[in-house]
Amino acid sequence: MAIFVKFWGTRGSIPTPGPRTERYGGNTSCVELRAGDAILICDGGTGLRELGEALARRHPAGGMRLHLFFSHPHWDHIQGFPFFGAAYAPSNTLFVYGTAKQDQHIHSLLSGQMKSAYFPVDFEDLGARISPRECGPEPSEIDGVQVTAFAQKHPGGSLGYRFEQEGKVVVYATDIELDQLLEDPSLPERSPQALRVLPEALVNRVRGADLLICDSQYTDAEYPKKVGWGHPRASTAVDLAVQAGVRQLALYHHDPMHSDGEVEKKANLGQTRARQHGSDLTVFAAREGVELKIS
Amino acid sequence: MAVDLEDDESTLVAPVSPRRAVARARAHHLNVTAGPPKLKGLRLKLERDELILGRATDAELFLDAEQLSRQHVRLTRRDGEYTCTDLDSRNGLFLNGLRVHSVVLRDGDQLQLGDVTLVYSEGN
């Protein structure tokens, strides 16, 4: 059985509509995974709105079970939720997964952004049944898919997710400042082309993925001015994928300042870097409206 | 609905659908840039909401190419945008070199279907 992965929003930080981003898209983080009957959604950035429209077309009678996995509650990962049509249909059930801190569960943060000061419709008025769920470092079986969550380096914390079904593996790892995890933090300046070693625990979370969707916001030139902002060099994401034996790497969470041409350049540099490391990894830039079949 | 081949312009023209009147007024084409010699330079005009492209002679967009599946991809139009979806073809659908299951097409996209390369264009 295949896993279908569709990108509904690939931009980081803030939506960026306009001609400069027409090809890769301006909507913020949202990825849909379908595996058999399971519908799993990674993050609820502004791409979630259009996913909601597509789900309504596919399931006009409603009755959907949807699993929403939030990396963290920063705006660009939750802002689409109030506009998610599936949340308004009484016949639907939404399970939300995210930060495990009980006092700040993603469920309460989602409802918080719908208080009247921010949004005209109250969370309590949403028609769907919306239930908080936990997902941790041990695999959970969710509608036939094994899901594991792992903590990531990001201001305020974030979660990555590993999805497995019948030997197919997709890892979603956005808003992770890989460069603050390097075994040798000064290596990128001393020897930019050298492979940057990342912690084994993280590499193991990603190991053997058929597809790694990874935060790749900055170029090597940009990163030194953005240290601590929670995002890595794209080149370091490539190195993580190489070390973990990943088959395909989707560069994700594109910087809002990057035009389509700059995103493409980042992907080309990433592909070259993988080859220089002797890897047959495929590197590409995640693009809104593209669907992959992992089989 | 019949599809006519305009030999002089190497253009496939599908009848205008009623929805065309309200759809975005853009011309959409697939241009064959590489493949069997008889197909090179062919310009396929997309004017229906749904089209099958393949080697089957009854496909709306029929291309006589050995490495195409009989029904290779489906093109569907929504809100003036075309989505191209692989129909479990033998040789797959590649977007700018990446194997994909489906893609919302953008001007300038290069599609590889077996031994045929097509470039999608919008506008006149």
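The structure presented is a predicted model; accordingly, all values stated were derived computationally and were not measured. Side-chain atoms are counted along with the backbone in the values below, which use heavy atoms only and exclude waters and symmetry mates. Numbered from 1 within each chain, the chains take letters A, B, ... in sequence-line order.
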Undergrad: Test the A:R233-A:Y218 pair against the cation-pi criterion, namely NZ or CZ under 6.0 angstrom from the six-membered ring centroid and within 45° of the ring axis.
TA: no

Undergrad: Let's test your reading of the structure: which of A:R287, A:Q248, A:K6 forms the most heavy-atom pairs below 4.5 Å with chain B?
TA: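 Highest number of pairs under 4.5 Å: A:R287.
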
Undergrad: Do the ring centers of A:Y161 and A:Y172 come within less than 6.0 Å of each other?
TA: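 No: the rings miss the under 6.0 Å criterion.
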
Undergrad: Side chain from CB out, backbone as N, CA, C, O: work out which of these in A:E288 comes under 4.5 Å of a heavy atom of chain B, or both, or neither.
TA: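 No part of it gets close to chain B.
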
Undergrad: With a cut-off of 6.0 Å (strictly less than), are more than 12 heavy atoms of other residues, nucleotides or ligands near CD1 of A:I14?
TA: no

Undergrad: With ring centroids as reference points, do A:F4 and B:H101 lie under 6.0 angstrom apart?
TA: yes

Undergrad: Of the listed residues (B:D109, B:V100, B:L105), which shares the most heavy-atom pairs with chain A below a 4.5 Å separation?
TA: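 With the most close heavy-atom pairs to chain A, the winner is B:D109.
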
Undergrad: Would you mind checking which part of B:N96 comes under 4.5 Å of any heavy atom in chain A, side chain (CB onward), backbone (N, CA, C, O), both or neither?
TA: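 When you check distances to chain A, only side chain atoms of B:N96 fall under 4.5 Å.
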
Undergrad: Going from CD1 on A:I213 to NE2 on A:H253, what distance comes out if it is rounded to the nearest 0.5 angstrom?
TA: 13.0 Å

Undergrad: Which bit of A:F7 is near chain B, if near means a heavy-atom gap under 4.5 Å: side chain, backbone, both or neither?
TA: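 The answer is neither part of A:F7.
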
Undergrad: Please flag which part of B:L93 lies under 4.5 Å from any non-hydrogen atom of chain A: side chain, backbone, both or neither.
TA: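 Nothing of B:L93, per the 4.5 Å heavy-atom cut-off to chain A.
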
